[in-house]
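To start, the structure under review is shown below, and the notes come after it.
Whatever order the structure lists ligands and atoms in, that order sets their numbers, starting from 1.
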Amino acid sequence: MDIRDFVQEPARLAALKKGVQEMKRRSQVNANDPRGWLFQANIHGTLSGSNPAWNQCRHASWHFLSWHRAYVYYFERILREASDDPALTLPYWDWTDPAAQALPAAFRDPQSPLFESQRDMNQAGSTLAPSIRSAAIAALNLRSFLPSPGFSGFGVASNQGTGKGRLEQPPHDGVHVLVGGDDGLMADPRTAARDPIFWAHHCNVDRLWEVWLRKGQGRANPTTNQWLDESFPRLFDETGNVVTPALKVSQLQKTTDLGYTYDKLTDPPGAAGAQPTGADVVTEPVKTEVAATVEKTKVTSAPKSIELSGDKVKEITSKAGVTSATGDEKRTLLRLQGVSVDRPSGSIYEVYLNLPSAPDEASSTSPHFVGVITLFGSAPDAKALREDHAHHAAPGVTGEEFLFDVTKMLRTLARQSVDLSKLNVTVLPRGASVEGKPRKVESKATVTIDKISLETAEPEKPR
Ligand code: C2O
C-alpha cells in the first residue's frame, strides 16, 4: 500500500512502528538473532563481520530484482510477526509520483522508530532530483528485461546476466544515494538496509517490476532455466530458521504466488504524456573512436565541462541534423570509461552536452540532457558486493563504464541550431533538492573518469 494511504489508518502505522521497534530490540538483546533488525540488514550488507548469511545482496545482476524480492518477502514476514498484527504489510514509497518526491513524513519524525538520523533527506522541503523519476519512466518504457542487441535492458545490462539494468541504474541507485547523502546509511549497500526507508524503497522497486510486466507489449521475465532455477539460500523466516528449501526464482515471479499483490499497478502519474528526455543506454563496446580525452577528469562538488573537438567531431555533428531516407545512419555514442569514486557519494551525476547556460540552470527536461550516472556500491570497499565487478572495463581499466546513444539528441540540438562544432560534455553533481531547487553540492567524494570519448556505431534500436 502507498505510504500515503497506509498512514491514514493510525493502527496500521502503529503496527509498523511496533514491528520495527521489536526487531531493533531483538538485535540489542542478541546481535545474532536472525529475526533482529541488524541481522536482517546484515544479510544485505555489512561493514565487517563474517556470518555466511551476511553480505548477500545481488546488485549489478539479472538477479537484482529477484533476490531483493525474496529478501523483502521474508523480512516482511518477520516484521509482521514482530508487530503482532497479522494484517501488516510493508508500505511502499512511490517516488515515481511527482507528488511524493519528499521522504515520507512518517519516516522523518524523530520520535519514531522509522526515523534514522544518518540520512540526508530528513529536513522538510527536501526532495529527490527530478531526473530520477524520468529515468524510472524511461526504464518502464523499455520492453526487454534482457539487453536488446547493444542496449541495456530493464532488468540487466549485459547478456552475461551482469551489469545494472535500467531500473537499478539510475533510479534505484539514485534514490539510495540522495536519501543517504555522503555519510548516510542508505548511500552504501553495506549499511543501507539499516535505514527503515530501505524497505519502503525496495517495496516500491518490487512494485515497479510488476508495473513493468503489466504494461505488456512483450514485456516478460527471462525464460532460461539459468535464471529460473537460481535460488536464494540463507534467508530466514519468522521462526528464525533458514528457509529450506530455498525459494527459487521460478517461484517468485508472480507476487500472487507469494500471497501478495499491489493496490496500484498503473503507470507513474504523468508518465503517459511525458516526453522522454536523455539518451538510450548502450552496452556493447564500440571501436570506432572519433575523439577522446587524454587526461583523467575529476569531479567533486562543482560541475565539470570537458571539450571534445577536432575535424572528425565536426564531420559527424555537421550531419546530425539530416535524417537519411533509409534510416540506417550510423549512431553516435558518448562513452565515459573507467568511472570510479573514492568513497560513497551522496550525489548523482547528470551528464549534459553543450549546455547553453550556467550549469546551475541545467535541467533533465532540457534537450541537452544525456543521462544520469550513479555510483551506489562503487566505492572501493563496497565493490565486493557487486556481481559484475565492472564487467565492461577493458583490461587495465578499472571502474565502471557508461555508454549513451546521443544520435537522437544531437539531431534535436542541430535542428535547434545549437553550435555543434565542438562538443562540451558537462558532468554535474546533483544532491537532493530543497524547496524545489537543486541544492549546492558539497561532496567529500571524488569521481574519476579515465576517459570520455565520442564513437560511432552501426545502427540498432533499443526495445
Ligand atoms: Cu540491495 Cu537498494 O539495494
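Within a radius of less than 2.8 Å around atom 2 (Cu) of ligand 1, the protein N, O or S atoms are H172 NE2, H176 NE2, H202 NE2.
With respect to the salt-bridge test (charged N to carboxylate O, under 4.0 angstrom), the residues D267 and K215 qualify.
The distance from atom CG of L128 to atom OG of S433, rounded to the nearest 0.5 Å, is 8.0 Å.
Between the side chain of Q251 and the backbone N or O of K248, at least one donor-acceptor pair lies under 3.5 Å. Judged by distance alone, with hydrogens and angles left aside, the side-chain atoms of R190 form no donor-acceptor pair with the main-chain N or O of G45 at under 3.5 Å. With hydrogens and angles ignored, the 3.5 Å screen pairs no side-chain donor or acceptor of R214 with any backbone N or O of V211.
For the 3.5 Å distance criterion, the side chains of H201 and W95 qualify, holding a donor opposite an acceptor.
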